[in-house]
Participant: 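So that we are looking at the same thing, I have put the structure below in structure tokens.
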Amino acid sequence: MSILQTENLTYVYGKGTPFERTAVDNVSLTIEKGGITGIIGHTGSGKSTLIQHFNGLLKPSSGRVLFNGEDIWENGKIMPGLRFRVGLVFQYPEYQLFEETVYRDIAFGPGNMKLPEKEIRERVLETAALFGIDSAMLEKSPFELSGGQKRRVAIAGVMAMRPEVIIFDEPAAGLDPRGRREVFDIIEKYCRKTGCTVLIVSHSMEDMAAVADRLIVMNHGSLFCHCPVNEAFSKSGEISAMGLDVPQITRVFSMLKKENIIFDDEVYTVDSAVKQITDYLSRKGGEGRC
Amino acid sequence: MLKDITIGQYFPGNSIVHRLDARFKIIITLIFIVMIFAANTVWSVAAAVAFLLLSYALTALSPSLMLRSLKPVIPVLIVTAVINVFFFEGEEIFRLWIISVTDEGVKNAVFMLIRVTALIVGSSVLTYTTSPIELTGGIEKLLAPLKVLKFPVHELAMMMTIALRFIPTLIEETEKIISAQKARGADFEHGSLRERAKAVIPILVPLFISAFRRAEELALAMECRCYRGGEGRTRMKQMKVKPADIVALAVSVIFLAAVIVIDILN
């Protein structure tokens, strides 16, 4: 069943001024319930603008956005409670922390939902546990934490609202490789456990290859393709032409292919590469060791 | 929206006005301000406005920018004009209860409206065509004589440069924070005055923190490049007086003289 849908969505910045620019151009797409969808595109391809339409932060210049089949701007007014049902984690979300304690910051979203105190407490504790935030840290000021910890607190603040759809804008930006893996692991675990629909904006094909089920590729404000990950990577030539990096491992394998060492074309994670290489070596092993 | 603010904004270009020396542009703007407030008759006001329109035309900027700079001050303009209508003695045109509207009042209101409008457009011509760096450089040079009195001219100019540089950055930052808190269900439009005042906290705290962080980073970056204040500091772009600067100054002085002469003759 489709949960989010756009119909001919167009958004123009600074309409009627000399700075007028079409950021999203006639995009129609349907996102099914559940699973992780990666949204990739180079800088300025309109991905951040696109996602701000999903929770009604931006109003389309033309076209419609549907949530569960209903227009979110019916009668020109935003669907009530939409922002609690479609969560959006901005880029560098740690810059939005403001409360005195980590606990109160995570409780800000659920508090805005006017939930009873007990329910808020339950949600905060549950989300904190998921992110490995212990009770000692909950009582600390968010500004005493390290960068990676702040990031996790900020993401927890959105997740505690338990939205049906949760959108992340570059959730791993500026983190070290370990921090990146941790963030993606938590997102993946959470998505699989709750069946929540996840959208991740990224410009890293590498990360998306590892976590996403489907990919939306944006180019100059228009939709380039929306398909399962392996299908998207079969267009890797066109994708690199757009200025996006195909995963290193995919590039290595296409080079090997040029050297006439033939592997399956669709290698885009290190794990599948290991498998392919061991298979190849054992096959070669049958012909005598080298 | 916050993005509509154009005061202090710079629109790069290559017109005659853009290329004038910043020091001269500042002085000419001051001359213009004196001119518009000295003008007291229809003809002298017309001369001052003609001077303004001439300089605006020479900037080659679109007239819609002029209107945009005026948009935020329309309420101020209206209030100023209305107050002026009522507070001048003269021949009564008509009477509303105890308020009498006089010919002098109407004349003054119209003049005041033109003056304030011209003042805003005039200073916009300066900021639209002069980059913040040139502007503060110009101010620093013009205030240089005050160094004798131990006035921290360089520090003041540096503070202005930094402040101007960070206005767009902080506007952008504020918009981002507002969106992020809205995404967490923060409501800035509804509720009582007290609730709405409280709703500002989630914007102000992150904004202050980021401003402090930026200040710290900037200070560090300046120190890394051996910034030691104004002592012995040289400029990459030396300001040189060009013939065009002299001509522009002469034209403005002539207009000022003309305005004063017209006033005296009447």
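Below, all heavy atoms of this structure are taken into account, side chains as well, without hydrogens, waters or symmetry copies. First the proteins, then the strands, lettered A, B, ... as listed; each starts at 1.
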Participant: Does atom CZ of B:R213 have more than 12 heavy-atom neighbours, drawn from other residues, nucleotides or ligands, at distances under 6.0 Å?
Facilitator: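 Atom CZ in B:R213 is packed in, count exceeds 12.
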Participant: State plainly whether the residues B:R184 and A:D105 are in salt-bridge range, i.e. N to O under 4.0 Å.
Facilitator: yes
Participant: Flag yes if more than 12 heavy atoms outside B:K141 fall under 6.0 Å of its NZ atom; otherwise flag no.
Facilitator: yes
Participant: Would you find a donor on one side and an acceptor on the other, under 3.5 Å apart, between the side chain of A:Q96 and the backbone of B:P206?
Facilitator: no
Participant: Just list the side-chain donor-acceptor pairs under 3.5 Å for residues 37-48 of chain A, sequence neighbours left out, or say none.
Facilitator:
unit_1: A:H42; atom_1: NE2; unit_2: A:N219; atom_2: OD1; d: 3.2
unit_1: A:S45; atom_1: OG; unit_2: A:H42; atom_2: O; d: 2.8
unit_1: A:K47; atom_1: NZ; unit_2: A:G41; atom_2: O; d: 3.2
unit_1: A:S48; atom_1: OG; unit_2: A:D169; atom_2: OD2; d: 3.1

Participant: Flag the pair B:L207 / A:F98 as yes when at least one side-chain heavy-atom distance between them is below 4.5 Å, and no otherwise.
Facilitator: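 Sidechains of A:F98 and B:L207: no contact.
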Participant: What residues of residues 53-72 of chain A make heavy-atom contacts with chain B at a cutoff under 4.5 angstrom?
Facilitator: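 Checking residues 53-72 of chain A against chain B gives A:N55, A:L57.
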Participant: From B:K182 NZ over to A:N112 CG, what is the distance, rounded to the nearest 0.5 angstrom?
Facilitator: 13.0 Å
Participant: Atom CZ of residue position B:F208 - does it have more than 12 heavy atoms of other residues, nucleotides or ligands inside 6.0 Å?
Facilitator: no
Participant: Using a heavy-atom distance cut-off of less than 4.5 Å, which residues of residues 84-95 of chain A contact chain B?
Facilitator: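 Answer by number: A:F84, A:L88, A:F90, A:Y95.
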Participant: Answer yes or no: does atom CD1 of B:I133 have more than 12 heavy-atom neighbours from other residues, nucleotides or ligands under 6.0 Å?
Facilitator: no
Participant: So, using ring-ring contact (aromatic ring centres under 6.0 Å, His included) as the criterion, who are the partners of B:F255 when residues are at least two apart?
Facilitator: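 B:F255 satisfies ring-ring contact (aromatic ring centres under 6.0 Å, His included) with B:F51 once adjacent residues are dropped.
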Participant: Quick check on B:S210 against chain A: is it the side chain, the backbone, both or neither that has a heavy atom closer than 4.5 Å?
Facilitator: neither
Participant: Do other residues, nucleotides or ligands put more than 12 heavy atoms under 6.0 Å from the CD1 atom of B:I74?
Facilitator: yes
Participant: If you count the non-hydrogen atoms of other residues, nucleotides and ligands that lie under 6.0 Å from CD in A:E100, is the total more than 12?
Facilitator: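 Incorrect, the count does not exceed 12.
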